[in-house]
Number of protein chains: 2
Amino acid sequence: MPTQTAAQRRQVARIEYDAFLATCPSRQLVDRISDKWVTLVLPALADGPQRYSDLARRIAGVSQKMLTQTLRSLERDGLVTRQVTPSVPVRVDYELTPLGHDLMQLLSAIKHWAELHMDEVLEARATYDGAAR
Amino acid sequence: MPTQTAAQRRQVARIEYDAFLATCPSRQLVDRISDKWVTLVLPALADGPQRYSDLARRIAGVSQKMLTQTLRSLERDGLVTRQVTPSVPVRVDYELTPLGHDLMQLLSAIKHWAELHMDEVLEARATYDGAAR
DNA sequence: CGGAATCCGCGCGGATACTG
DNA sequence: CAGTATCCGCGCGGATTCCG
């Protein structure tokens, strides 16, 4: 008589498996990097320090919630610094750290690649969709 | 007497604004590239053609639904090709196109960067969390 | 100005079952 | 083996409101 049902054994296997994934360092960073807003915020900081409101305007389409959330996680990961100037009204500047500058260059390369090859992708989509119909 | 309430004007502005974003080509590709599974599938194809089941095993953690969905979108965008061998059982191989190979190199660079600097990020997180508490 | 807090819809994505 | 189809939870992220 089995002490576990098949469903229970599957459940246990899944948990151990997830634990293995959690301990894989690169996977954690890949998840963070492959974030919609991260890939837009970092290149936006390429030209030096930016104010919060400037970022919000440049990355048109982002809500303050997502912008703040993204900046906090980037600060936590040591990729950007947050500089508060206690004037009236308050002024907050964000700047890339050396580490963040490294990553920004990689993401900017992808952004540049996207702009270069967008037409080829659009063409491929048209062909694919046309053949299917 | 205004013909629109403030809420209505805001709504109109939002729609025109979204339309502008939709016509921005690079944004569409950035959205596609900054996909959790895309950044894992493309590097997995770096060593040449891979069978569906091989990919499922290498990218441990992906469901068939997500793997299939990701491969379909990559095929549609002209980044991978799908080769069906009608044997018994069926065999399906996926391979990078020249365009996909280009992008794969950029994503592999990011994956490599993540593996290299994961320790620094973990250290920054520990410092950040420690200071906050 | 630069957030924090709250509410909430809906779409991503996992689990399961079935097919050629 | 390589999918397709269906159900469904839950977390992402937008909208709104309030604060220092």
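Predicted model only: the values in this text are computed from it and were never measured. Heavy-atom basis, side chains included; hydrogens, waters and symmetry copies ignored. Order of the sequence lines fixes the chain letters, A, B, ..., with proteins taken first and strands second; residue numbering starts at 1 for each chain.
- Of the candidate nucleotides D/dG14, D/dT16, D/dA2, D/dA2 has the atom lying nearest to any side-chain atom of B/Tyr52.
- Between the CD atom of A/Gln64 and the P atom of D/dG14 there is a distance of 10 Å, given to the nearest Å.
- With distances taken from any side-chain atom of A/Ser53 to the nucleotides D/dG3, C/dG14, C/dG2, the minimum falls on C/dG2.
- In this structure, the OH atom of A/Tyr94 is 9 Å from the P atom of C/dG2, given to the nearest Å.
- Between the side chain of B/Ser108 and the backbone N or O of B/Pro43 there is no donor-acceptor pair closer than 3.5 Å.
- Going from atom CG of A/Leu67 over to atom C1' of D/dG13 covers 13 Å, rounded to whole Å.
- For A/Leu40 and D/dG13, the CG to C1' distance is 15 Å, given to the nearest whole Å.
- The side chain of B/Met66 lies closest to C/dG13 when the candidates are C/dG13, C/dC1, D/dG13.
- Distance CZ (B/Arg91) to P (D/dG3): 13 Å, rounded to an integer number of Å.
- Summarising the geometry, the separation between NZ on A/Lys65 and P on C/dA4 is reported as 12 Å, rounded to the nearest angstrom.
- Contact check, B/Arg51 against D/dC1: no side-chain N or O comes under 4.0 Å of OP1 or OP2.
- Tested against B/Tyr94, the residues B/Arg82, B/Gln50, B/Gln83 include a single side chain to side chain donor-acceptor pair (under 3.5 Å) partner, B/Arg82.
- Straight-line distance from the CD1 atom of B/Ile59 to the P atom of C/dG13: 14 Å, rounded to whole Å.
- A donor atom on one side chain and an acceptor atom on the other are not found under 3.5 Å apart for A/His112 and A/Glu115.
- Here B/Thr68 does not reach the OP1 or OP2 of D/dA2: none of its side-chain N or O atoms lies under 4.0 Å away.
- Side-chain atoms of A/Thr68 never come within 3.5 Å of backbone atoms of A/Lys65 as a donor-acceptor pair (strictly under, hydrogens ignored).
- As a whole-Å value, the separation of A/Asp35 CG from C/dC12 P is 15 Å.
- Looking at B/Asp77, its side chain never comes within 3.5 Å of a backbone N or O of B/Leu79 through a donor-acceptor pair.
- One finds no side-chain N or O of A/Arg82 lying less than 4.0 angstrom from the OP1 or OP2 phosphate oxygen of C/dG2.
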